[in-house]
Structure formats: C-alpha cells, structure tokens
Asker: 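Structure in structure tokens, see below.
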Amino acid sequence: MNSIVSFLDGFSMALVIVLWSYTILNFKKLPEIIPIHFDLEGKPDNHGAKYFIFLLPIIGSLIYFFLSFNIKEINNYPVEITQENKEIQFFIGMMAVKSIIAYVLFIFFTFQKRIVEIAVHQKDKKIPVVNLIGGLFAIIGFFIILANIYK
C-alpha cells in the first residue's frame with residue numbers, strides 16, 4: 001500500500017518540477033500579453049501580463065506541499081468510521097487526496113502548455129475544460145464508491 005502512496009507522491013513532485021521547468025523555459029518566448037482565463041469551451045476570454053504564467057506553478061506548488069505533507073488524519077469520510085474499517089478508510093482517503101493532487105497538477109500543466117501554445121505560436125487551441133473537470137469528478141466519485149464498498 002505504501003508503494004502506491006510513494007508513487008503518487010513522486011509523480012506529483014515530478015509534475016511540479018515539470019510545470020516549473022516548462023514555465024521558466026518558455027517565459028522569454030511569451031509576448032507581453034497572454035491568455036489568462038478560458039471559457040467552458042476552452043477558448044481564451046481574458047488576457048493579462050505575461051507574468052501571470054507563474055500563477056499556476058505557484059498555486060500547484062502550494063497545493064502539493066500543503067496537502068502532501070499535512071495529511072495526518074483526514075476528518076471527513078463518506079462513511080461512518082469504526083474500529084474495523086478505520087485503517088482501510090484512512091488509506092482510501094489518503095489515496096483520494098494524493099490522486100486529486102496529481103490530477104490537479106496534470107490539469108495545471110495542460111493549461112500551462114495550452115497558454116504557451118496559444119500565446120507563442122498563435123495556435124487556435126482550446127483547453128478541454130469540461131473534460132478535465134469531469135475527470136476530477138470521476139476521481140472523487142470513484143473514491144466515494146470505494147469507501148462505501150469497504151464500509
């Protein structure tokens with residue numbers, strides 16, 4: 001069980017490093033104004049200074065470090081905790097949080113990549129916003145169902 005948690009931690013840390021590296025490597029290529037907000041169809045609908053490109057790596061780093069190292073005890077479970085299910089429910093909860101962290105960092109990298117592609121290469125790219133958000137809800141739903149199976 002610990003190997004899965006370690007893998008998710010390592011994968012998330014790698015995503016943070018890739019997110020920062022990609023941002024730093026592409027910063028000088030960016031024009032002064034870049035897309036900073038997208039509608040549900042994934043089209044840019046607001047623009048701002050190129051320094052906004054650092055917002056996702058900063059938020060991603062904070063999410064990773066705050067949530068990865070502060071999981072001592074998860075207090076909100078979708079089922080009642082008993083002596084019999086306490087250990088498995090804690091593991092399911094930890095896996096849920098670690099999976100969500102990794103997926104959110106993946107979403108951030110996807111956004112970052114598209115922002116650079118749109119700003120630098122003037123490509124008419126869309127971000128699959130609805131699909132990415134749907135994936136997040138699918139992960140949450142999966143772990144709620146799993147918690148109910150092992151209640």
Asker: Specify the closest pair of heavy atoms between Ala102 and Phe11, including all atoms of both residues, with the distance to one decimal.
Answerer: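 That closest heavy-atom pairing would be CB-CD2, 3.9 Å.
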Asker: Looking at every non-hydrogen atom in both residues, tell me the closest pair between Met95 and Val5 and how far apart they are.
Answerer: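 Closest heavy-atom pair between Met95 and Val5: SD-CG2, 3.8 Å.
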Asker: Can you see which heavy atom on Val79 is nearest to which on Ala147, and at what distance?
Answerer: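 Taking every non-hydrogen atom into account, CG1-O, 3.8 Å.
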Asker: Could you walk me through whether Ile53 and Val116 satisfy the side-chain contact (heavy atoms from CB on, under 4.5 Å) test, starting with their C-alpha distance in whole Å, then the side-chain angles of each, then the deciding distance to 0.1 Å, before giving a yes or no?
Answerer: CA-CA 9 Å; Ile53 200 75; Val116 170; 4.2 Å; yes
Asker: Please identify each residue that fulfils ring pair (Phe, Tyr, Trp, His ring centres under 6.0 Å) with Phe38, with sequence neighbours left out.
Answerer: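 With sequence neighbours excluded, Phe38 shows a ring pair (Phe, Tyr, Trp, His ring centres under 6.0 Å) to Phe111, given in chain and number order.
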Asker: To the nearest 0.5 Å, how far apart are CD1 in Ile145 and CD1 in Ile140?
Answerer: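 Output value for this atom pair is 12.0 Å.
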Asker: How about Thr82 and Asn85: does a side-chain donor come under 3.5 Å of a side-chain acceptor?
Answerer: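 Per modelled atom types, Thr82 and Asn85 side chains form a pair under 3.5 Å.
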Asker: What verdict does the side-chain contact (heavy atoms from CB on, under 4.5 Å) test give for Ile115 and Phe52, after you've listed the backbone C-alpha separation in whole Å, the side-chain angles of each residue and the deciding distance to 0.1 Å?
Answerer: CA-CA 10 Å; Ile115 289 168; Phe52 274 99; over 6 Å; no
Asker: If you round to the nearest 0.5 Å, how far is CD of Gln89 from CG of Leu146?
Answerer: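 It comes to 8.0 Å.
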Asker: Closest heavy-atom contact between Val129 and Leu40?
Answerer: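 Residues Val129 and Leu40, closest heavy atoms: CB-O, 3.9 Å.
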Asker: For the ring pair Phe54 and Phe27, is the centre-to-centre distance below 6.0 Å?
Answerer: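 Here the rings of Phe27 and Phe54 have centres that are less than 6.0 Å from each other.
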Asker: Can you label the angle between the Phe106 ring and the Tyr103 ring as parallel, tilted or perpendicular, going by 30° and 60°?
Answerer: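 The rings of Phe106 and Tyr103 sit tilted, inter-plane angle from 30° to 60°.
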Asker: I'd like to check Asn26 versus Val120 (side-chain heavy atoms, cut-off strictly below 4.5 Å). Are they in contact?
Answerer: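 Result no, sub-4.5 Å side-chain heavy-atom pair not found.
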Asker: I need the Leu132 CG to Ile107 CD1 distance, nearest 0.5 Å.
Answerer: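 Reported to 0.5 Å precision, the distance equals 5.0 Å.
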Asker: Specify the closest pair of heavy atoms between Ala119 and Leu30, including all atoms of both residues, with the distance to one decimal.
Answerer: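 Looks like CB-CD2, 4.0 Å.
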Asker: At what distance, to the nearest 0.5 angstrom, does CZ of Phe143 lie from CG of Asn148?
Answerer: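 Reported to 0.5 Å precision, the distance equals 13.5 Å.
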Asker: Please list, one pair per line, the donor and acceptor atoms closer than 3.5 Å that link side chains of residues 13-25 to other protein atoms, with sequence neighbours excluded.
Answerer:
unit_1: Trp20; atom_1: NE1; unit_2: Pro57; atom_2: O; d: 3.4
unit_1: Trp20; atom_1: NE1; unit_2: Ser61; atom_2: OG; d: 2.7
unit_1: Ser21; atom_1: OG; unit_2: Ile17; atom_2: O; d: 2.8
unit_1: Thr23; atom_1: OG1; unit_2: Leu19; atom_2: O; d: 2.7
unit_1: Thr23; atom_1: OG1; unit_2: Gln112; atom_2: NE2; d: 2.7

Asker: Would you please name every residue forming a side chain to side chain contact (heavy atoms under 4.5 Å, CB included) with Asn46, sequence neighbours left out?
Answerer: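 Partners of Asn46 by the side chain to side chain contact (heavy atoms under 4.5 Å, CB included) criterion, ordered by chain and then number, come out as Ile36, His37.
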Asker: Which heavy-atom pair separates Ser12 from Leu105 by the least distance, and what is that distance?
Answerer: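 The pair with the smallest heavy-atom distance is O-CD1, 3.5 Å.
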Asker: Tell me whether Leu55 is reachable from Ile33 by hopping between hydrophobic residues (I, L, V, M, F, W, Y) whose side-chain heavy atoms are closer than 4.5 Å.
Answerer: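 Result: no, two separate clusters.
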Asker: To the nearest 0.5 Å, how far apart are CD1 in Ile34 and NE2 in His47?
Answerer: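 Separation between the atoms: 9.0 Å.
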Asker: Would you give the length of the straight line joining atom NZ of Lys98 to atom CZ of Phe91, rounded to the nearest 0.5 angstrom?
Answerer: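 Separation between the atoms: 11.0 Å.
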